[in-house]
Every structure is written in C-alpha cells, then in structure tokens.
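Worksheet for the structure shown next.
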Number of protein chains: 2
Amino acid sequence: MTIKTTESGVKVRGGRSTREAILEAASRLIHVHGYNQTALDDVLRESGVGKGNFYYHFKSKEELGYAILDQIIASFLERTLEPCFADPEGRALAQIRCFFDRVLETQRERNCVGGCPLGNMALELSDVHEGFRARLASVFSAWRERLTLVLRRAQRGGEVSGECRPEAVADFLVASLEGAILLTKLTKDIVVMEQCVAEMKRYLSLFEPRT
Amino acid sequence: MTIKTTESGVKVRGGRSTREAILEAASRLIHVHGYNQTALDDVLRESGVGKGNFYYHFKSKEELGYAILDQIIASFLERTLEPCFADPEGRALAQIRCFFDRVLETQRERNCVGGCPLGNMALELSDVHEGFRARLASVFSAWRERLTLVLRRAQRGGEVSGECRPEAVADFLVASLEGAILLTKLTKDIVVMEQCVAEMKRYLSLFEPRT
DNA sequence: CTCTCTGTACCAACTGGTCAGTACAGATGA
DNA sequence: TCATCTGTACTGACCAGTTGGTACAGAGAG
C-alpha cells in the first residue's frame, strides 16, 4: 500500500499507514490522558480515520491498547534500556549510571509530565485486564533481568563486591526509578528526579569494592 | 439525629451515619478498582444508599473523591507515619527502618493487592483534576518533611553522617517505597517488596558514621 | 394534648450525554 | 466484478447528575 496525495493535498492512506496513523495518535493521547480517559473518538479525530476504518484494522479498543503497549515496550527496550548495556566489555556500574541519566533526561524532555508510560498503564490497567497485567509484568521482568545480568557479570569480573545480591538490587533499582518518576510527575519538579538519581548512584557506590 | 432500628431489624440511618456508610463503601471500592473505574451506582448499591440521598450529602462524585482522599491521608498520617516517629528521643535510623517494616507489613496484609492508595490516586488523578494533584502533592510533601526532620535531627546528634543531604534522602526514600509498592502490585509477589525494603535499609546504613 | 408547620433525610424514576461497538453502503483497485 | 478498504449513521449500555415527591421528627400555637 502506498501513500498518495489528492489534488487538494489531503493524504490518502493505504492499509498499513492507516494503522500507523491510529497508533501514533493513540499513543500520544494515551500517554497524556491515560487509556481509560482517552475516547476512541478522540483518537479517530486526531488521526483522521473513520470509525469503520478503525474497526477494520483493530478488533476492539482493547486490542489497540495491546498494540500501544507493545509499542511502548519495544521502544523502551530498544531506545532506552538496551543501548546502555550494548557493550559487553563496558564497566557495569558506569552503564547503570548512564541508564539512570537517560531516564532522567526523558523526564526533563517531557517537563515532568505524563510519568512513565509503563508505570501508568501498570497502575491503570493491571486490575482490569489480566492480559495487560501479565504483559506489563513481563517487561518489568525483562528490565530487572537485564540489570541482574549486568550486575552478575560485574560481580564475576570483580567490579562489584560479593555482598551485592543482583536480583534484589535489580528489583530495588527498577522500583526506585518508577517511584522517582511518579513523585516527579506529582510534584512537577525535576529536582526531585535529580536528587533521586543522585541517591541511586550513591547507593550503587556501596557495591564498589573497597580500594 | 439518632440511629434507630425498625421492627424488621433494618437500620434506619440518621444524617451522619449515611455519610459514613457511603464513605466506607466508596473507600473500599475505590481502593480495589480505582476512582474512575468505580461507578457511583456501585457505591450506592454497596452502601444501600439511594441516589438522591447521596446528592443530599455530597455535591458531586468529585467531592466524594476529595472526602475519600482526605480520609486516606489522615489515616496514613495518623496510623502509619506519625506513630513511627512519635518519640523525639528515639534513634532516627531505627525509626525509619521501623517505618519501612510497617509499610511492608501493610502490603503483606493486603496480599500485594491494591498498591498504595495515595500512589494510585496520584497516578490516576493528578493529570485530570488539579485539585487532586495539589492535595496529593501536599501529603507526599508532609511525608518527605517528616523524614527530612528526623534525618536532620539525627545529623545534629551525630547519629547520621554529614554527607547525608536530608531533603534528597527523604525524596529518595519516599520514591523508592512508592515504586516498591507499585512493582509489588504488578508482580503480585511479596518477595519484591521484601527485597526492596532490605536494600533500602542497606542504603540507609551508608549514613551511619564509620566506627 | 393535638394539629399544623417546617426542615431534614430519604427514595425512585428520569434525563442528557458519552462511548464502544455495529451495520451498511460507497469507493477503489486488481 | 470481486475483494479490500473507508466513511456515516446508528445502537445500546452505562453513568453522573436532576427532579419531584414522601416520611417523619420536632417546634409552636391553640
């Protein structure tokens, strides 16, 4: 399917890009207003897609929700989490600190608005649909897994002391980041986020072997 | 107004207890399903109060929300936060650790369900109504204030080392607890909470003066 | 003491609006 | 000319809030 332009300059979307237009509008709206507060009609108005058209491409609003969630998850893994830990030779603690900074940076870019897309959906939907909860739990679990692996590797290499229990530390780091983002959203003050990241780095330094 | 009982054993509520019945049912439902997901009709069915009656006692659903929130805040301050820090002579770090344990205990009691009532409302409503956001921000701020004070006191007494920046540490502790509760709700696994609390204690030990 | 009057507490039925989802006809292209 | 798309108009459920009225306790007047 190709994208064409009529004489009036209005874009006529082919099949695949209609789906993309919906996803783009929906992910923007859902990020700002939340899933439940985002009416399907708003998504359609924003994306310029008709209702019948929407239901041709999606089975339901719930399916749209899953698609958005998958998109958020993929984007988080590819654009935020994995790049920091790409180098298997890099120093683990430095990579983790770099990851903190990256998360801090996203909050700054967003002016503390919107919070964490994953955390938001987690709180909003985990009670409602088991499917959402499971999917969200899996990404948090991938996140913790990544941190656990890098910590374990560092421990083997002697970069991190033996008293570090990688699973527990990973859980704690994920929780703290999510909490920091929540508190930042609430106070609308980036200083909170900065302080939390600074304290997380201080906490990490606990595991540096004594020189 | 008094509470009376008819010959059939059905309670006829006077003014004040109707309000209480509504608040009780609403706070239970809202804690489980969230504010937006709780229909007014559900609250009314649960509490056995008619709709007109509800609107006699409350201006709107939003006002009910405020009342619930005030109740949650008061309960948190009186029953969870303040008792831990009541003794001005107590050792600060021990009080903070005790507070962690108390929060952990509430999660255990609730079987990891429901998360933190304050955090839930924060995430759900802070974008929607500025009034909710402000009220929530104020309680988190009281919470951080309490921790800041106790840390500062400890610092003066030499119980906590000078490198501790009380405000930053307080922010971090609050954020971490909230994040831990969120992650616990999502994974439905109390071990996550236990590990996070353990790591928070380890972090705290950073500030104990070296012997 | 009794009869009206008044304000509080309460109820059932309804309204108006929103929203997810459906029906279907028209367009478009192989 | 058949399958793939797309827009419009509709449906039914849900839900916050309204309305018009009842029940009844207590106060005051006769």
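First the proteins, then the strands, lettered A, B, ... as listed; each starts at 1. All figures in this text were calculated on a predicted structure; none of them were measured in a lab.
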[N] phosphate, OP1 or OP2: any side-chain N/O from [X] under 4.0 angstrom?
X: B:Tyr56; N: C:dA9; result: yes
X: B:Thr18; N: C:dC10; result: yes
X: B:Asn53; N: C:dC11; result: yes
X: A:His57; N: D:dT6; result: yes

Paired and unpaired positions of DNA chain C as dot-bracket, Watson-Crick or G-U wobble under 3.5 Å, | denoting a partner strand: ||||||||||||||||||||||||||||||
Residues which pass side chain to side chain donor-acceptor pair (under 3.5 Å) with A:Glu46, listed by chain and number, not counting sequence neighbours: A:Arg28
Side-chain donor/acceptor of B:Asn111 to backbone N/O of B:Val113, under 3.5 Å: no
Nearest-angstrom distance from the residue atom [atom1] of [X] to [atom2] of [N]:
X: B:Lys61; N: C:dT18; atom1: NZ; atom2: C1'; answer: 14 Å
X: A:Asn36; N: C:dA20; atom1: CG; atom2: C1'; answer: 12 Å
X: B:Leu44; N: C:dA13; atom1: CG; atom2: P; answer: 15 Å
X: B:Leu40; N: D:dA13; atom1: CG; atom2: C1'; answer: 17 Å
X: B:Arg45; N: C:dA12; atom1: CZ; atom2: P; answer: 14 Å
X: A:Phe58; N: D:dC5; atom1: CZ; atom2: P; answer: 14 Å

Intermediate values then yes/no, side chain to side chain contact (heavy atoms under 4.5 Å, CB included), B:Lys201 and B:Asp101: CA-CA 10 Å; B:Lys201 287 178 179 172; B:Asp101 288 330; 2.9 Å; yes
Step-by-step side chain to side chain contact (heavy atoms under 4.5 Å, CB included) determination, B:Asn36 to B:Leu125: CA-CA 9 Å; B:Asn36 286 315; B:Leu125 296 173; 4.2 Å; yes
Please output the side-chain donor-acceptor pairs of residues 90-97 of chain B that fall under 3.5 Å, not counting sequence neighbours, one pair per line with the distance.
residue, atom, partner, partner atom, Å
B:Gln95, OE1, B:Arg153, NH2, 3.4
B:Gln95, NE2, B:Asp87, O, 2.8
B:Arg97, NH2, B:Glu208, OE2, 3.0

Rounded distance (nearest 0.5 Å) linking atom OG of A:Ser47 with atom CG of A:Asn53: 8.5 Å
Restricting to nitrogen or oxygen on both sides, can you table the protein-nucleotides 23-27 of chain C pairs closer than 3.5 Å?
none

Residues 66-80 of chain A, side-chain donor-acceptor partners within the protein, below 3.5 Å, at least two apart:
residue, atom, partner, partner atom, Å
A:Asp70, OD1, A:Arg135, NH1, 2.8
A:Asp70, OD2, A:Arg135, NH1, 2.7

Verdict with supporting geometry, B:Leu64 and B:Phe54, side chain to side chain contact (heavy atoms under 4.5 Å, CB included): CA-CA 10 Å; B:Leu64 171 63; B:Phe54 171 84; 3.9 Å; yes
A:Glu105: salt bridge (charged side-chain N to carboxylate O under 4.0 Å, His left out) partners, not counting sequence neighbours: A:Arg108
